[in-house]
Each structure stands twice: as C-alpha cells, then as structure tokens.
Novice: 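Okay, handing you the structure first.
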Amino acid sequence: MDLNKSLNLANQLLASRKINEAETTFKEILNFDPKNLHALNNLGNICMEKKNFSEGMVYFDKCLKYNKNFFWALINKGTCHKYLNQYSQAIDCYEKTLKLNPNFIETFYYIGNCLLKLHKYEEAILHYEKIIKKKPNHVSAIFNKGLCFEKLKRFEIALENYNKIIHIKKSYFLAYLHKGICLREIHSFEDAINSYNKAIEVGSSISNFKSVAKYNLGCLQLLMGNYKDGWKNYEYREKKVKFSKNTEWKGEKNLRNKSIFIYNEQGLGDYIKYSRYLPMLKNLGAKIILSIPNNLLPIIKSMDFDFEILDINKKNQLRFDYHCSIASLPFTFKTSIDNIPNSVPYLKVDKKIKEFWKKKIDKNKKNIGIKWTGNQNYFDDKNRSTNLYQLKSLFDLPFNFHSLEIDYSTEDKTFKKNIKNLICYDKELLSFENTGGLIENMDLIISVDTSIAHLSGALNKSTWIILSKLPSFSWLIDRQDSPWYPSVRLYRQDKIGDWDGVVKNIKENLNIKFILQ
C-alpha cells in the first residue's frame with residue numbers, strides 16, 4: 001500500500017463529504033499501519049460526525065496511547081466527553097491541550113462552555129473573557145458570557161453583552177431573544193416586547209427560531225393582560241404530543257355530535273385551571289374524550305359531565321373527529337380578561353371525604369392550610385418556592401397550620417420538628433380529592449404558585465397566593481386579585497428573591513383577618 005497516496009485519497013473523500021468511503025479508506029490504512037495517528041484521529045472525527053461519541057473516544061484514546069501529546073486527539077476527546085455530558089472529563093482534556101499549545105485560545109471557549117453546563121458561571125465568565133480579550137468580536141463567547149450573567153440574575157450586565165453582540169452582528173437571533181428575557185425579568189416589558197419582535201424578524205426564515213420568540217412574546221403578552229395577542233402567540237409553544245393538523249380544533253368548527261380529544265399537555269395546576277372549559281365543550285354538543293392525570297381524575301369527575309378517558313400514550317388507538325390541548329382552550333374560546341369563565345366552585349369534593357377531614361380538625365382555633373414548595377422539576381421552581389425557615393414568623397400566631405406538603409427537604413424536616421402548631425399529614429394527601437377535603441375544612445389557604453393554589457381557587461376557598469417578582473402569566477401584574485379565581489388574593493415580592501416582605505405583609509393581614517376583626 002502506498003500510505004501517502006491512501007491518506008491523500010481518504011482526506012479528499014472526507015473533504016468531499018463522502019463520509020462512508022473515507023471511513024473505509026482510513027480503516028484500510030489502519031490494517032496496514034495500526035498506529036497511524038492521522039487515520040485514528042479522523043476515524044474518531046467520523047464517529048463524532050455520526051454522533052457515535054463513545055466509539056469516537058476509542059479512536060482518540062488509541063491516538064493518545066501512541067502519543068500522549070497528540071493535540072487534536074485531546075481536543076476531540078474532550079469534545080466527545082462534552083457531547084456525552086461528561087463535562088468535568090472534557091475540561092481535563094481541554095486543560096491538557098492548553099499546556100501543549102497555550103496559543104490555541106479557542107480552548108478557553110470550550111472550557112467555558114463546559115463550566116456553563118456545570119452551572120459554574122463565575123468560572124465560565126473568566127474563560128470567556130480570556131478569549132474575548134484576544135478576539136473581541138467572538139460573538140459566541142460574548143453571548144455565553146451574557147448567558148452566565150443572566151443565570152446569575154445580573155440582568156443589566158447580561159444586557160450589555162447582548163447589546164454588544166447586536167452591534168457586531170445585527171442578525172444574531174439569540175441575542176435579541178435573551179435580551180427580551182432579561183428585559184422581562186427587570187420588568188421593562190415594552191422593551192422586552194420590542195426585542196422579541198426583533199427576534200421574530202431576524203429569525204423569520206427559521207421556523208424553530210420564530211416559534212420560540214413568538215411563544216416568549218405570547219407569555220409576556222398574557223402576563224400583561226393582552227389576551228387577544230397573547231393566546232395566539234402562546235400557540236407557538238412546543239407541544240408534547242403531535243397530531244394531524246387536519247383534526248386540530250381551533251374553535252371554528254361545529255362540534256355538535258362530534259368527538260373531540262382534549263389531551264393533557266402541562267402541569268397539574270394548568271389542568272385544574274383550564275378544566276373550567278370542559279363543560280363549555282359539552283354545551284357545544286361535543287362528545288368529550290379526555291386524557292387526565294390519574295391523581296386528578298376523581299375531582300375532575302365532580303364536574304358532572306359525561307366524558308370518555310383514553311391514555312395519551314396510546315394515541316395510535318385513538319379515534320376522534322377533532323383534538324385540542326387543554327391549554328389551548330382559552331385561545332379557542334377567545335378568552336379575554338373580561339370573559340374568563342370564573343363561576344366558582346367548578347370543582348367539588350365528595351361529602352364523605354370532607355366529613356373525614358372535619359373530624360380531624362380542631363375547630364376551637366383558626367385553621368390555615370399552608371404550602372410553601374412546588375414541583376422541583378418545574379423550570380422556575382427556585383423562584384416560586386420558599387422554605388419553612390423563611391415562613392417561621394407566621395407560626396408565632398395563635399393558629400393551627402396544616403401542611404399541604406407531601407415531600408419535605410432535609411432542612412424542612414429538621415425545622416418542622418420545633419413547630420408545635422404545624423400539623424403534617426404526608427401520605428394522607430396523595431390524591432387531590434383528599435387534599436381538597438382538607439382544604440374545604442380550612443379557614444384559609446396560603447400557598448406558593450402550585451397546583452394546590454389552583455385547586456383551592458377552583459374550590460372557591462379563601463386563598464392567599466405568594467408570588468415571586470416575576471410570576472406565571474396566570475397571575476398578571478400589579479394586581480392583588482385574580483380574574484381566574486374570585487376567592488384568591490395575591491401577595492407579590494417587591495424585589496427578586498425577597499420573601500421577607502411578603503411574609504411580613506401576610507402576618508399583618510392574618511392578624512387583621514382573624515384577631516382584630
């Protein structure tokens with residue numbers, strides 16, 4: 001075999017994107033020369049091209065076995081680790097390459113990206129700054145640096161970075177999108193809308209980009225009470241289940257004597273909130289087929305309308321005329337703030353369950369149900385949830401507090417042992433109907449923004465909801481009431497992360513409501 005001729009041929013095939021032919025030729029070279037570093041490295045690259053990162057790592061390891069200082073094998077091995085989410089191992093590889101060639105400054109970018117994935121934002125920023133110092137117009141490094149500041153909630157500095165990118169490259173979609181996100185976080189809503197619209201403009205040729213920007217714009221419009229445009233843009237969200245567009249119901253087609261499948265798409269609180277629309281579908285003459293989370297089924301049945309239940313995971317077995325996400329019903333019914341169907345209660349709890357809880361409650365004191373955490377898997381849970389320590393001053397009041405929590409953090413488990421007037425039920429609250437029974441026997445519910453808040457509102461129980469500085473669009477902005485639930489009162493943070501002011505306000509109002517009245 002003419003080794004040089006074969007290597008030239010393999011390289012030409014690779015450059016011409018004839019990947020499989022190049023792979024075959026490189027393997028032939030290895031049969032002749034098993035230690036050929038160039039062939040091993042390129043076979044690893046071909047594996048990465050095919051997203052076979054573990055296999056690629058085998059080739060790069062062989063390179064490094066024969067030459068531990070093979071620069072590109074170390075770089076490429078680090079990249080394989082990165083794509084396998086093995087970020088610490090990737091950083092080890094990249095740092096070795098810096099010792100071999102400190103002038104290859106792109107390595108700082110690679111390390112910064114891994115640190116970003118590890119949530120080590122301060123360290124990542126330092127690495128991005130090193131490459132930006134050498135390459136001031138490195139827009140990817142500038143963007144990721146801005147993203148780190150955004151994650152650290154240092155929104156003003158993040159905005160400086162996004163503006164810098166826009167100055168360099170006016171078509172950089174992500175800079176406009178994240179600029180909108182930061183402006184929203186600091187409550188510069190009109191500027192955020194302008195930024196989202198610019199993102200839509202520059203990303204209009206790429207449908208995925210446009211959809212993300214439209215969805216973000218829709219959420220902000222809904223938060224601001226612009227339901228006409230908000231619901232429309234909210235439809236650009238990525239839905240978990242795909243059905244034929246030919247059977248999608250958007251409110252325009254007659255449902256009389258037609259079957260419609262209403263599928264679950266989001267969280268339990270959203271299902272409770274939007275379930276108010278289900279009887280309205282029945283009034284249109286539809287045969288309703290539902291996908292319902294199992295723990296919500298008994299309480300949804302209390303709405304007293306006929307429906308069939310089907311498993312969304314068996315969608316190939318479904319037979320229906322139309323389909324619609326339950327979260328799309330406000331859009332299909334052209335919901336505005338003035339016409340929200342808010343007749344409550346629209347959910348009910350079985351009398352036997354209410355009586356069961358009634359016997360457990362001491363009516364000689366005021367009884368307050370309390371929920372301070374949400375689902376940890378929710379993307380914004382750190383902002384909406386709190387902990388027992390932050391609520392500690394409430395328990396100085398002469399009331400019985402009934403925990404609506406099921407799971408407790410280690411810190412809360414320790415802290416609640418010293419709270420004599422906090423009553424915990426744990427596993428007795430596993431179903432929403434049981435939780436609803438306890439709620440019905442309370443004088444008041446205090447909750448962060450969780451499904452329990454929606455359940456309590458749907459049951460028409462007096463409910464105080466404590467909200468982060470930038471809450472879910474369900475709760476709008478700058479108001480203490482909710483058009484969705486007449487019995488709800490809203491308590492909002494004045495500053496990001498500041499629960500102290502909220503708790504102080506609630507404590508004062510509890511005194512007014514139950515002691516001074």
Novice: So do Y491 and N509 actually touch side chain to side chain, heavy atoms under 4.5 Å?
Specialist: yes
Novice: Return the CZ to NZ distance between F395 and K416, rounded to the nearest 0.5 Å.
Specialist: 11.0 Å
Novice: Could you grab the distance from atom CG of L281 to atom CG of L329, nearest 0.5 Å is fine?
Specialist: 5.5 Å
Novice: Mark yes when over 12 heavy atoms from residues, nucleotides or ligands other than N283 sit less than 6.0 Å from its CG; otherwise mark no.
Specialist: yes
Novice: What heavy-atom pair brings S451 and I272 nearest, and what distance separates the two atoms?
Specialist: O-CD1, 3.8 Å
Novice: Once rounded to the nearest 0.5 Å, what's the spacing between atom CG of L422 and atom OG of S403?
Specialist: 5.5 Å
Novice: Under the salt bridge (Lys or Arg N to Asp or Glu O under 4.0 Å) rule, collect the residues that match up with D321, sequence neighbours excluded.
Specialist: none
Novice: Would K273 and S474 count as having a side-chain donor-acceptor pair, cut-off 3.5 Å?
Specialist: yes
Novice: After noting the C-alpha distance and the side-chain angles of L397 and K507, does the key distance pass the side-chain contact (heavy atoms from CB on, under 4.5 Å) rule?
Specialist: CA-CA 8 Å; L397 297 170; K507 187 173 181 180; 4.0 Å; yes
Novice: Name all pairs fulfilling the side chain to side chain donor-acceptor pair (under 3.5 Å) condition that reach into residues 184-197, sequence neighbours left out, sorted by first residue then second.
Specialist: none
Novice: Looking only at non-hydrogen atoms, find the nearest pair between L255 and Y322 and report the distance.
Specialist: CD2-CD1, 3.6 Å
Novice: Show every salt bridge (Lys or Arg N to Asp or Glu O under 4.0 Å) that has at least one partner inside residues 377-389, sequence neighbours left out.
Specialist: D381-R384
Novice: From I370 CD1 over to I423 CD1, what is the distance, rounded to the nearest 0.5 angstrom?
Specialist: 12.0 Å
Novice: Among all residues two or more places apart in sequence or in another chain, which pass the ring-ring contact (aromatic ring centres under 6.0 Å, His included) test with Y227?
Specialist: W231
Novice: Just wondering, more than 12 heavy atoms not from K301 lying within 6.0 Å of its NZ?
Specialist: no
Novice: Indicate, with yes or no, if the rings of Y234 and F473 have centres closer together than 6.0 Å.
Specialist: yes
Novice: Side-chain contact test, heavy atoms from C-beta onward, threshold under 4.5 Å: evaluate it for L510 versus I446 and give yes or no.
Specialist: yes
Novice: Just to verify, what does E235 make a side chain to side chain donor-acceptor pair (under 3.5 Å) with, not counting sequence neighbours?
Specialist: R237, K239, S328
Novice: Could you check whether Q221 and N233, counting side-chain N and O atoms only, form a donor-acceptor pair closer than 3.5 Å?
Specialist: yes
Novice: Starting at NE2 of H323, measure out to CG of N246 and round the result to the nearest 0.5 Å.
Specialist: 9.5 Å
Novice: Taking the six-membered ring for Trp and the full ring for Phe, Tyr or His, determine whether the centres of F401 and W372 are under 6.0 Å apart.
Specialist: no
Novice: Within the structure provided, determine whether S275 and Y346 are in side-chain contact (heavy-atom separation under 4.5 Å).
Specialist: yes
Novice: Give the minimum heavy-atom separation between W499 and S385, together with the two atoms involved.
Specialist: NE1-O, 3.6 Å
Novice: Looking at every heavy atom in both L476 and P471, which two are closest together, and how far apart are they?
Specialist: O-CG, 4.0 Å
Novice: Should D478 and R492 count as an ion pair when the cut-off is N to O under 4.0 Å?
Specialist: no
Novice: Are side-chain N/O atoms of E238 and Y215 paired as donor and acceptor at under 3.5 Å?
Specialist: no
Novice: For residues G374 and T450, report the shortest heavy-atom separation together with the two atoms involved.
Specialist: CA-CG2, 3.5 Å
Novice: For Y389, does the OH atom have more than 12 heavy-atom neighbours from other residues, nucleotides or ligands under 6.0 Å away?
Specialist: no
Novice: Between I368 and D443, is any pair of side-chain heavy atoms under 4.5 Å apart?
Specialist: no
Novice: Using the benzene-type ring in the case of Trp, are the ring centres of H81 and F53 under 6.0 Å apart?
Specialist: no
Novice: Do P398 and K365 come within less than 4.5 Å of each other through their side chains, counting heavy atoms only?
Specialist: no
Novice: Atom CG of residue position N254 - does it have more than 12 heavy atoms of other residues, nucleotides or ligands inside 6.0 Å?
Specialist: yes
Novice: Using the ring-ring contact (aromatic ring centres under 6.0 Å, His included) definition, which of the options F243, F320, Y271 pairs with Y263?
Specialist: F243
Novice: Is it true that atom NZ of K469 has more than 12 heavy atoms of other residues, nucleotides or ligands lying nearer than 6.0 Å?
Specialist: yes
Novice: Please enumerate all residues that pass salt bridge (Lys or Arg N to Asp or Glu O under 4.0 Å) together with E160, with sequence neighbours excluded.
Specialist: none
Novice: With sequence neighbours excluded, what pairs up with Y87 under the ring-ring contact (aromatic ring centres under 6.0 Å, His included) test?
Specialist: none
Novice: Taking the six-membered ring for Trp and the full ring for Phe, Tyr or His, determine whether the centres of F155 and F149 are under 6.0 Å apart.
Specialist: no
Novice: Going by ring-ring contact (aromatic ring centres under 6.0 Å, His included), name the residues that satisfy it together with Y274, two or more places apart in sequence or in a different chain.
Specialist: none
Novice: Going through the checks in order, is the side-chain contact (heavy atoms from CB on, under 4.5 Å) test met by L459 and L455?
Specialist: CA-CA 6 Å; L459 293 170; L455 175 62; 4.0 Å; yes
Novice: When you compare the side chain of N339 with that of T335, does any pair of heavy atoms fall below 4.5 Å?
Specialist: yes
Novice: Run the numbers on N460 and Y485 for side chain to side chain donor-acceptor pair (under 3.5 Å), then give the verdict.
Specialist: CA-CA 7 Å; N460 199 31; Y485 303 107; over 6 Å; no
Novice: Ignoring hydrogens and angles, state whether a donor on the side chain of K179 or Y176 is under 3.5 Å from an acceptor on the partner side chain.
Specialist: no
Novice: Do other residues, nucleotides or ligands put more than 12 heavy atoms under 6.0 Å from the NZ atom of K245?
Specialist: no
Novice: Over all heavy atoms of both residues, which pair between I406 and L430 is shortest? Give the atoms and the distance, please.
Specialist: CG2-CD2, 4.0 Å
Novice: Just to verify, what does F209 make a ring-ring contact (aromatic ring centres under 6.0 Å, His included) with, not counting sequence neighbours?
Specialist: F173
Novice: Taking it one step at a time, do K253 and E248 satisfy salt bridge (Lys or Arg N to Asp or Glu O under 4.0 Å)?
Specialist: CA-CA 10 Å; K253 295 174 181 176; E248 185 175 14; over 6 Å; no
Novice: Could you pull out all residues at least two apart from E405 that satisfy salt bridge (Lys or Arg N to Asp or Glu O under 4.0 Å)?
Specialist: K371
Novice: One pair to check against side-chain contact (heavy atoms from CB on, under 4.5 Å): I309 and L297. What are the steps and the verdict?
Specialist: CA-CA 9 Å; I309 302 172; L297 179 56; 3.3 Å; yes
Novice: Given side chains that start at C-beta, do those of Q266 and S325 come closer than 4.5 Å, heavy atoms only?
Specialist: no
Novice: Take atom CG of N294 as the centre, draw a 6.0 Å sphere, and report whether it contains more than 12 heavy atoms from other residues, nucleotides or ligands.
Specialist: no
Novice: If you round to the nearest 0.5 Å, how far is SG of C148 from CD1 of I157?
Specialist: 12.0 Å
Novice: E201: what forms a salt bridge (Lys or Arg N to Asp or Glu O under 4.0 Å) with it, not counting sequence neighbours?
Specialist: K198
Novice: State, yes or no, whether a side-chain contact exists between T373 and D407 at a heavy-atom distance under 4.5 Å.
Specialist: no
Novice: Which pairs count as salt bridge (Lys or Arg N to Asp or Glu O under 4.0 Å) when at least one residue sits in residues 349-358, sequence neighbours excluded?
Specialist: none
